[in-house]
**Student:** 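Before I ask anything, let me first share the structure, which is written out below as structure tokens.
In what follows, chains are A, B, ... by sequence order, proteins preceding strands, each numbered from 1.
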Amino acid sequence: PASNLGLEDIIRKALMGNLEE
Amino acid sequence: AITKDQQVLMKVIVEAYNRHQIPQDMAKKLLQEQYSAEENFLLLTEMATSQVQVLVEFTKNIPGFLSLDHEDQIALLKGSAVEAMFLRSAQVLSSKKPNCHTDALEERIRKSGMSEEFMTPMFNFYKSIGKLHMMQEEQALLTAITILTPDRPYVKDQQAVERLQEPMLDVLRKLCALQHPQEPQYFAHLLGRLTELRTLNHYHAEMLTSWRVN
């Protein structure tokens, strides 16, 4: 992630979604 | 001795850690794309993004994590993502597994426009992790312990985080004593790496700024 904001976005999305599905 | 409950905890963590790795397609890209500084930067950014997603999936499997306050979950992940990534990268680079394309990864990091000032401590850290020859169980537990660090910025309920981190520290301490009876300082060495990680995390923020300027 190129910025802290980007990092938080990725984390929020990943927490809501499910990579395994 | 490690109790049955602790064995279960360790098994859950290790399985989650092994299950959640950067997709092979991503690793293959290391060999395919071109090697310009810009290309390396973009590829490393893409890998970092993937690594964060994988890290979040791993973290969801840490017993009790999802029961924490939602904003605390985000604060913990935000505060630890860089450190967890350095830990994973150190393990990948020191494993020298052929399918991880570690040489290509190292070359891309070295030629990505990152300043020497940052690169030297980072590769020193990778080397110091390599020297420990950590077992998978130790790697997985150390990563979970890093994520469950209670004093990250914006964490509201630090005690709830401590309650999750302590059992992990206890298992890791026992595991180290059992696996390294000749090295009574082994557990302390592992914890020392966490301090190094904090320093790298601090450098990382500065490094990103200078990278962006370049």
Side-chain angles (χ1 to χ4, degrees), chain A, chain B residues 15-16 19-23 26 38 41-62 65-66 68-85 112-114 147 152-154 201 204-214:
Chain A
S3 72
N4 283 336
L5 186 72
L7 175 62
E8 186 169 332
D9 284 341
I10 299 163
I11 289 169
R12 283 186 187 274
K13 274 187 197 157
L15 267 177
M16 287 192 332
N18 190 348
L19 276 184
E20 286 167 53
E21 278 175 6
Chain B
E15 279 180 4
R19 200 164 59 240
H20 297 111
Q21 307 210 13
I22 282 204
M26 186 69 72
E38 195 183 344
F41 174 81
L42 289 173
L43 196 57
L44 291 175
T45 306
E46 203 182 333
M47 285 189 87
T49 305
S50 174
Q51 241 184 4
V52 173
Q53 288 167 335
V54 163
L55 177 74
V56 174
E57 290 306 316
F58 163 67
T59 308
K60 284 181 187 173
N61 288 276
I62 298 176
F65 180 81
L66 290 176
L68 294 171
D69 173 86
H70 187 68
E71 290 306 308
D72 279 358
Q73 292 176 22
I74 291 159
L76 288 176
L77 281 161
K78 213 177 152 183
S80 65
V82 166
E83 294 177 22
M85 277 196 275
S112 60
M114 204 185 292
I147 296 161
R152 300 287 186 199
Y154 310 112
N201 197 353
H204 181 260
E206 288 175 26
M207 189 272 290
L208 278 185
T209 311
S210 73
W211 218 358
R212 231 175 277 143
V213 172
N214 287 339

**Student:** Just how far is it from atom CD of B:Q73 to atom CZ of A:R12, taken to the nearest 0.5 Å?
**Tutor:**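 Rounded to the nearest 0.5 Å, the CD-CZ separation comes out at 10.5 Å.
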**Student:** Check for a donor-acceptor pair, side chain of B:K78 on one end and backbone N or O of A:I11 on the other, with a separation under 3.5 Å.
**Tutor:**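 Between the backbone of A:I11 and the side chain of B:K78 there is no qualifying donor-acceptor contact (under 3.5 Å).
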**Student:** Can you tell me how far apart CD (B:E57) and CG (A:L15) are? Round to the nearest 0.5 Å.
**Tutor:**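 Spacing of CD (B:E57) from CG (A:L15) equals 8.5 Å.
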**Student:** Between A:A14 and B:Q53, which heavy-atom pair has the shortest distance, and what is it?
**Tutor:**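 Closest pair (atom of A:A14, atom of B:Q53, distance): CB-CA, 4.3 Å.
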**Student:** Using a cut-off of under 4.5 Å on heavy-atom pairs, state which of B:E71, B:Q51, B:M47 scores highest against chain A.
**Tutor:**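 Top option by heavy-atom pairs under 4.5 Å: B:E71.
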**Student:** Mind checking salt bridge (Lys or Arg N to Asp or Glu O under 4.0 Å) for B:E15 and listing every partner two or more places apart, or none if nothing turns up?
**Tutor:**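 If we apply the salt bridge (Lys or Arg N to Asp or Glu O under 4.0 Å) test to B:E15, skipping adjacent residues, the hits are B:K11.
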**Student:** What residues form a side-chain contact (heavy atoms from CB on, under 4.5 Å) with B:N201, not counting sequence neighbours?
**Tutor:**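 By the side-chain contact (heavy atoms from CB on, under 4.5 Å) rule, B:N201 matches B:V82, B:E83, B:R152.
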